[in-house]
Amino acid sequence: MSDLQIGVKEVCQACNNDRTRMMDIIQRVQARYGSVNEEAIDLIAKAVAMPRVDVESVVTFYAFFSKKPKGKVVIRLCNDIIDRLHGSARSAQAFFDDLGIGFGETTPDGMISLESVPCIGLSDQAPAALINDVPVTHLTSDAAHDIVEELKVHMDPQKLVKSFGDGKNADPLVRSMVRNNIRLPGAVIFSPCVRGEAIKKSLGISPAEVIRAVKTSRLRGRGGAGFPTGMKWEFCRAADGDKKYVLCNADEGEPGTFKDRVLLTERADRVFAGMTIAGYAIGATEGILYLRGEYAYLRAYLEDVLAKRRNDGLLGKNVTGKKGFDFDIRIQMGAGAYVCGEETALISSCEGLRGDPKNRPPFPAQKGYLGYPSVVNNVETFCCVTKIMEDGPATFNEHGTAGSSGTKLLSISGDCTTPGIYEVEFGISLGEVLKLAGAEDSIAVQVGGPSGQLVGPKDYGRKICFDDLATGGSIMTFGPKRDVLKAAHCFMEFFIEESCGYCTPCRVGNVLLKERLEKIMQGQGEPSDLDYLQNLGMTVKAASRCGLGQTSPNPILTTLANFRPQYEALVKTSQDGLKRSFELKAAVSDAEKIAGHAAAVHS
Ligand SMILES: Cc1cc2nc3c(=O)[nH]c(=O)nc-3n(C[C@H](O)[C@H](O)[C@H](O)COP(=O)(O)O)c2cc1C
Ligand code: SF4
């Protein structure tokens with residue numbers, strides 16, 4: 001048998017030849033051989049008794065997997081808007097010059113690959129890159145030159161870390177230069193908490209009482225959509241199923257969001273406690289932490305936290321001595337796909353499939369992981385649960401507003417003096433937030449990441465809460481010299497790159513939107529192009545299957561609404577002097593041409 005045959009066999013056996021472990025199998029083969037080539041795909045398909053095409057479709061879906069060989073070291077330079085504002089192009093040029101390759105290429109000796117990737121969760125210390133799993137922050141062109149010089153000597157990314165960041169970043173199992181940058185610790189997430197206390201209190205009452213406490217706290221999900229957590233748990237508990245699952249969404253791919261990284265680094269015990277309490281409440285025995293591939297450097301540390309919890313009886317059989325309540329947690333690594341943050345796509349990925357979103361209903365609480373009722377919650381949501389069960393819902397309710405109880409973690413980055421993590425009370429105004437971060441001169445603020453909204457100074461009096469300016473945590477600030485249309489363009493590139501491609505409006509509509517925006521930015525636009533953008537944007541929102549497509553036109557729609565003069569200054573009246581109105585049919589026929597079939601468009 002060849003080395004590849006032996007290796008793939010070993011990997012598949014270690015994963016029990018279980019097709020639902022496909023992500024782990026492919027990851028391990030990729031790590032061992034630098035690619036998952038045609039032969040490896042054949043071997044995996046045979047070992048797990050799965051059609052070859054299904055294995056191949058997983059390999060080709062995720063950015064971190066590759067059929068073509070990659071270098072021993074892969075440099076992934078972040079290309080999000082904040083990194084661009086902080087000069088990532090200069091670091092990119094230094095890498096191009098020193099390696100003699102461009103993005104998507106590997107040095108002729110096969111040693112180093114260079115890639116340009118969307119947000120890696122380090123916007124507060126941009127420009128940043130991942131070198132294999134090792135994060136490298138505050139890049140400059142000089143730093144990039146040094147990195148290449150050093151790598152050519154030892155090819156060991158870990159040796160690039162000369163000093164460690166704060167807190168657990170210095171833990172022997174993390175050893176990272178990343179900094180937490182916790183600028184404002186608040187009353188819930190970063191307040192003291194006694195390890196094990198919340199679980200003991202929860203297990204001392206019935207599951208229904210736990211759910212009632214979470215409902216009384218009025219906790220709403222912190223991942224973006226703000227669904228009431230207690231209600232979600234109640235649905236799941238009531239759903240029929242021999243088994244139930246708790247899934248923690250640590251995919252954190254929304255550009256500008258990095259709060260969950262800090263929570264996993266500094267408050268992992270609270271996250272796992274929240275998952276355990278959810279397990280007790282819904283009747284689950286297993287939890288899965290879906291950790292984005294970009295945070296792989298935290299995995300060994302998180303596994304250790306889990307091991308210690310098992311050791312201390314906080315996980316495993318009869319948790320804290322409670323007879324009949326068994327619960328454990330495993331970590332599922334992602335592999336570089338933003339859409340996997342969408343809960344049904346996340347479930348697909350955990351099942352070893354492409355990260356395709358599923359149709360809803362049924363909702364995960366009815367039919368989720370492997371068809372069993374499942375609860376999916378954000379990392380911060382689980383931290384809140386732990387605090388609620390430790391101190392009681394009334395204490396939690398003292399914070400925030402009527403519709404948005406508690407505090408919110410904000411990840412602030414961009415043109416500001418103190419980027420980082422702020423735990424604020426819901427109801428704080430955007431202007432106050434800008435003051436905290438030293439960004440009072442912002443001409444625009446992206447609230448809620450690219451899928452949120454770009455607002456201007458007239459909105460700085462608005463409140464951060466679910467009923468006004470909602471955000472999963474991302475706040476990106478733009479100073480006086482910035483061009484909001486460039487930001488919108490960058491965000492459209494992101495959505496095009498990250499669309500799973502399933503539905504035409506999202507796959508094709510976003511390309512058409514970006515092209516029309518480019519025409520305007522190049523001074524070739526006419527007034528009717530603004531109507532075109534508005535109407536096509538609304539169509540893409542209405543006709544897309546999942547949240548990615550339904551929010552992807554927001555960069556254009558919100559800049560049109562809030563920064564219209566910038567567009568109007570660029571568009572000119574067409575030569576015949578007529579204002580051409582948007583023609584849906586024409587726009588869709590463009591889309592149909594590209595898609596090769598009729599689009600499902602609702603007017
Ligand atoms: C494209 C897309 C990406 C998402 N990414 C995340 C994410 O990284 N983390 C997260 O918690 N929720 C994310 N969500 C929202 C999840 O679908 C889901 O609503 C959330 O995990 C539920 O948890 P919560 O109720 O605690 O907020 C995303 C949604 C979409 C449409
Ligand atoms: S909206 Fe976009 S990301 Fe969502 S299913 Fe359709 S193509 Fe995929």
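Indexing begins at 1, ligand by ligand and atom by atom, following the structure's order.
- You'll find the ring centres of Phe272 and Phe382 outside the 6.0 Å limit.
- Closer than 4.0 angstrom to ligand 1 sit non-hydrogen atoms from Gly221, Arg222, Gly223, Lys232, Asn249, Asp251, Glu252, Gly253, Tyr338, Gly341, Glu342, Glu343, Val376, Asn377, Asn378, Thr381, Gly547, Leu548.
- In this pair, Tyr245 and Tyr369 present their aromatic rings perpendicular. The plane angle is above 60°, beyond the 30 to 60° band.
- Of all the heavy atoms in Pro135 and Leu122, the pair that sits closest is CB-CD1, 3.8 Å.
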Show the numbers, then the answer: is there a side chain to side chain contact (heavy atoms under 4.5 Å, CB included) between Ile189 and Lys387? CA-CA 7 Å; Ile189 303 287; Lys387 193 68 183 160; over 6 Å; no
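- Around atom 2 (Fe) of ligand 2, the protein contributes the following N, O or S atoms under 2.8 Å, ordered by chain and number: Cys506 SG.
- Side-chain contact, Asn79 with Ser116: a donor N or O sits under 3.5 Å from an acceptor N or O.
- In this structure, Lys367 places its NZ atom where only 12 or fewer heavy-atom neighbours from other residues, nucleotides or ligands lie under 6.0 Å away.
- Salt bridge annotation for Arg84-Glu493: present, with a cationic side-chain nitrogen under 4.0 angstrom from a carboxylate oxygen.
- The side chain to side chain contact (heavy atoms under 4.5 Å, CB included) with Cys383 is formed by just one residue from the set Asn378, Asp260, Val271, Ile388; it is Val271.
- Remark: Arg292 qualifies as a cation-pi partner of Tyr295 under the 6.0 Å distance and 45° angle criteria applied to the six-membered ring.
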